[in-house]
Amino acid sequence: MQLARTERFDIVVVGGGSAGVAAGVAAARQGAKVALVERYGFLGGAATNALIMTYDGFLYRREQPEWAVGGIGRELLDRLAKFSSPVAPVLSPNRNWVLPFNTESAKAALDDIVLEGGVAVRLHALLIDVRRRDDRIASVVVADHLGRLEIVADAFVDASGEGDLSALAGVPMAYTEQPRYAASLCARIAGVSPEVTVDRALLAQIGAAVPENERLATLRADGGFVLRLPENGDLWWMGVDVLTDGLSSCSQSEGEQKCRATAWAFIRQMRRIPGCERATLVATGVQLGIRETRHPMARHMISEAEALAGHRVANPVARAAWQLERHDTPGRPTMACIGGEGFYDIPAESIRAVAVDNLWLAGRTVGADRAAFSSLRVMGTGFATGQAAGAAAAMALQGRPDYAALKAALLDQGAIL
Ligand SMILES: Cc1cc2nc3c(=O)[nH]c(=O)nc-3n(C[C@H](O)[C@H](O)[C@H](O)COP(=O)(O)OP(=O)(O)OC[C@H]3O[C@@H](n4cnc5c(N)ncnc54)[C@H](O)[C@@H]3O)c2cc1C
């Protein structure tokens, strides 16, 4: 076992989801030498590890689809067309514009964008430790099959979703009360005849027929979210919810097993419907879809009131346009519209951690209360905050952060502000 390996970069981004990829590419475009650390063997975060097949937050909730997010996120959407049909907006039952995509195409397109951007990707690398010097992170330690690898850098971005980097660095956490928003199992169902109209009403009817003793997790009373995938006619279904802390192996194991068992109980009932006799689960994610775990403290925590009012600031780094989508009770999500112009600004202080001077926050770790978080956590917004965090980290290496200059650089990189 090889124990002592060290690498040196300007910036380390932890987490290769939407936010982490955008952070890595944005920082590299500012001239930084960047490492992107990801525990799985592919990029994409929840999109690819939890089989979440629609990008939300890219478009305002308006009559016609209009873009709220540009920059690296939009470039990624364009790249997806190289591998599968072009991404096109679809109106969801809640009247939100969503962008369905193929998860395998996303893995390939994300590889492309980071390789072309000159980002050094370290897949199968789990962050396990942080070394601090005074009020700064000096290095991170990741584990792979060879043992421990220390990566030294000048600035760091926490795009881990669960806030692992912030937690290990000693950033205080907000809103620590349990339970968290419900987690969900996303699944691909094949074998349903194209003649069958699969809508929420049908799914709710099937769910209601599942015997009580086979419902180990919660089946959504409204049937959940379903989409017929244009490329192969399979169904993408999100209809099983469970409470888990989303962090401990013990709680997550229980959640995974309960959701899988409940999904199969649902499939058994589905097969009783004419045209669905051959229905089967062909894929679930590598892991459950975890919505909420830690909230690292940022220098500004966006509030529910700010989000609902469509609050604007002088030097924003991103726009959040997705409704406040809370999952307080498993099986019963609630939605609330954003006022003003239908989006609120994310200020630069919300992507800066407290207590650690060279740590930036992106995606799900951005500073917000639980209600505002329920909106800005979606992947479209994650690309935007990631791009901002990466650019900010790189620019901070050249001096103290100047938010007006950051805004100008982001606009230059195609961001919508
Ligand atoms: C069930 C469910 C359904 C959803 N539906 C939608 C939807 O339809 N559309 C939408 O846009 N959003 C949706 N969301 C929200 C969205 O998927 C997430 O909020 C979004 O993916 C957050 O992006 P991120 O980059 O911050 O984090 P993530 O996508 O979670 O990425 C974090 C990455 O960090 C890696 N990582 C974590 N810890 C470590 C570590 N210690 N070491 C190394 N790597 C680490 C992870 O493997 C992961 O790749 C949904 C979420 C859930 C849970």
Side-chain angles (χ1 to χ4, degrees), residues 12-24 35-59 69 73 90 92 94 96-101 106-107 110 122-130 140-144 157-168 180-187 220 224-225 227 236-242 244 246-247 255 259 284-294 321-322 325 327 330 333 361-366 373-386 389:
V12 174
V13 178
V14 175
S18 310
V21 166
L36 176 60
V37 168
E38 166 56 46
R39 69 178 150 165
Y40 291 132
F42 49 83
L43 301 172
T48 48
N49 67 37
L51 214 65
I52 291 167
M53 302 179 74
T54 56
Y55 281 128
D56 298 346
F58 272 102
L59 298 148
V69 171
V90 169
S92 78
N94 292 318
N96 289 299
W97 292 105
V98 303
L99 298 166
F101 62 94
K107 287 180 191 171
L110 289 160
R122 300 289 178 264
L123 300 176
H124 296 289
L126 176 72
L127 172 78
I128 54 163
D129 204 0
V130 165
V140 293
V141 180
V142 302
D144 60 18
V157 177
D158 187 350
S160 68
E162 319 316 337
D164 286 14
L165 175 56
S166 303
L168 288 165
R180 298 307 200 182
Y181 290 153
S184 302
L185 178 83
C186 296
R220 288 200 192 171
F225 189 88
L227 200 69
W236 177 62
W237 175 56
M238 177 168 47
V240 189
D241 287 2
V242 76
T244 161
L247 294 175
C259 284
T284 57
V286 175
Q287 63 158 77
L288 274 183
I290 302 293
R291 289 191 174 81
E292 183 192 23
T293 54
R294 299 190 184 96
W322 188 253
E325 181 193 325
H327 291 259
L361 306 171
R364 277 196 287 144
T365 61
V366 167
F373 164 85
S374 77
S375 148
L376 63 76
R377 68 192 171 86
V378 292
M379 296 187 279
T381 317
F383 279 109
T385 57

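In listed order, ligands and their atoms are each counted from 1.
Taking the six-membered ring where the residue is Trp, the centroids of Trp97 and Phe58 are separated by 6.0 Å or more.
The shortest contact between atom 38 (N) of ligand 1 and any protein heavy atom is with Asp164 OD2, 3.5 Å. Atom 37 (C) of ligand 1 has Ser160 O, 3.2 Å as its closest protein atom, hydrogens excluded (heavy atom only). Nearest protein heavy-atom neighbour of atom 30 (O) of ligand 1: Arg364 NH2, 2.9 Å. The nearest heavy-atom contact from the protein to atom 36 (N) of ligand 1 is Arg39 NE, 3.6 Å. Among all non-hydrogen protein atoms, the one lying nearest atom 29 (O) of ligand 1 is Ala46 N, 2.9 Å. For atom 18 (C) of ligand 1, the nearest non-hydrogen atom of the protein is Arg377 O, 3.3 Å. The nearest protein atom to atom 6 (C) of ligand 1, hydrogens excluded, is given as Ile52 CG2, 3.3 Å; this is a heavy-atom distance. The nearest protein atom to atom 32 (C) of ligand 1, hydrogens excluded, is given as Ala159 O, 3.4 Å; this is a heavy-atom distance.
Inclusion of Ser184 in the set of residues having an N or O under 3.5 Å from an N or O of ligand 1 is not warranted. Close N/O approach between Val378 and ligand 1 is not found [any backbone or side-chain N/O within under 3.5 Å]. The distance criterion of under 3.5 Å between nitrogen or oxygen atoms is not met by Tyr40 with respect to ligand 1. Annotation: Tyr55 places no N or O atom under 3.5 Å from an N or O atom of ligand 1; distance criterion only. Considering backbone and side-chain N/O atoms, Thr54 comes within less than 3.5 Å of an N/O atom of ligand 1.
Selection from Asp56, Val21, Leu227, Leu168 by nearest heavy atom to atom 7 (C) of ligand 1 gives Asp56.
Under 4.0 Å from ligand 1, the heavy atoms of Met238 that appear belong solely to its side chain. For Ala183, no heavy-atom contact with ligand 1 is shorter than 4.0 Å. Under 4.0 angstrom from ligand 1, there are no non-hydrogen atoms of Ile128.
Ligand 1 has no atom lying under 4.0 Å from any heavy atom of Glu162. Note on ligand 1: Gly57 sits outside its first shell, no heavy atom being nearer than 4.0 Å. Heavy-atom separations between Gly382 and ligand 1 are all 4.0 Å or longer.
Residues Pro100 and Trp236 fail the side-chain proximity criterion, which asks for heavy atoms closer than 4.5 Å. Within the 4.5 Å cutoff, the side chain of Leu43 has heavy atoms near those of the Leu36 side chain. You'll find the side chain of Val14 stays beyond 4.5 Å of the side chain of Asp164, heavy atoms only. In this structure the side chain of Arg364 reaches within 4.5 angstrom of the side chain of Glu162, judged on heavy atoms.
Taking CG of Leu126 as the reference point, atom OH of Tyr40 lies at 9.5 Å (rounded to 0.5 Å). The distance from the OG atom of Ser184 to the CG atom of Leu51 is 12.5 Å, given to the nearest 0.5 Å. Atom OG1 of Thr244 is separated from atom CD1 of Ile290 by 5.0 Å, given to the nearest 0.5 angstrom.
In the model, Asp158 has a side-chain atom that pairs as donor or acceptor with a side-chain atom of Ser166 under 3.5 Å. Side chains of Ser374 and Arg291: a donor-acceptor N/O pair is absent below 3.5 angstrom, by distance only.
Of all atoms in ligand 1, listed by their number and element, those nearer than 4.0 Å to a heavy atom of Ala125 are 42 (N), 43 (C). Set against the non-hydrogen atoms of Ala19, the atoms of ligand 1 under 4.0 Å away are 25 (O), 26 (O). Ligand-side atoms of ligand 1 in range of Met379: 9 (N), 10 (C), 11 (O), 12 (N), 16 (C), 17 (O), 20 (C), 21 (O), range being under 4.0 angstrom from any heavy atom.
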Begin from the C-alpha positions of Asp56 and Asn96 and carry the test side chain to side chain contact (heavy atoms under 4.5 Å, CB included) through to its verdict. CA-CA 8 Å; Asp56 298 346; Asn96 289 299; over 6 Å; no
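Of the possible donor and acceptor atoms, one in the side chain of Thr385 sits under 3.5 Å from a partner among the backbone N and O of Gly363. When atom types are taken as modelled, the side chain of Arg180 and the backbone of Thr293 share a donor-acceptor pair closer than 3.5 angstrom.
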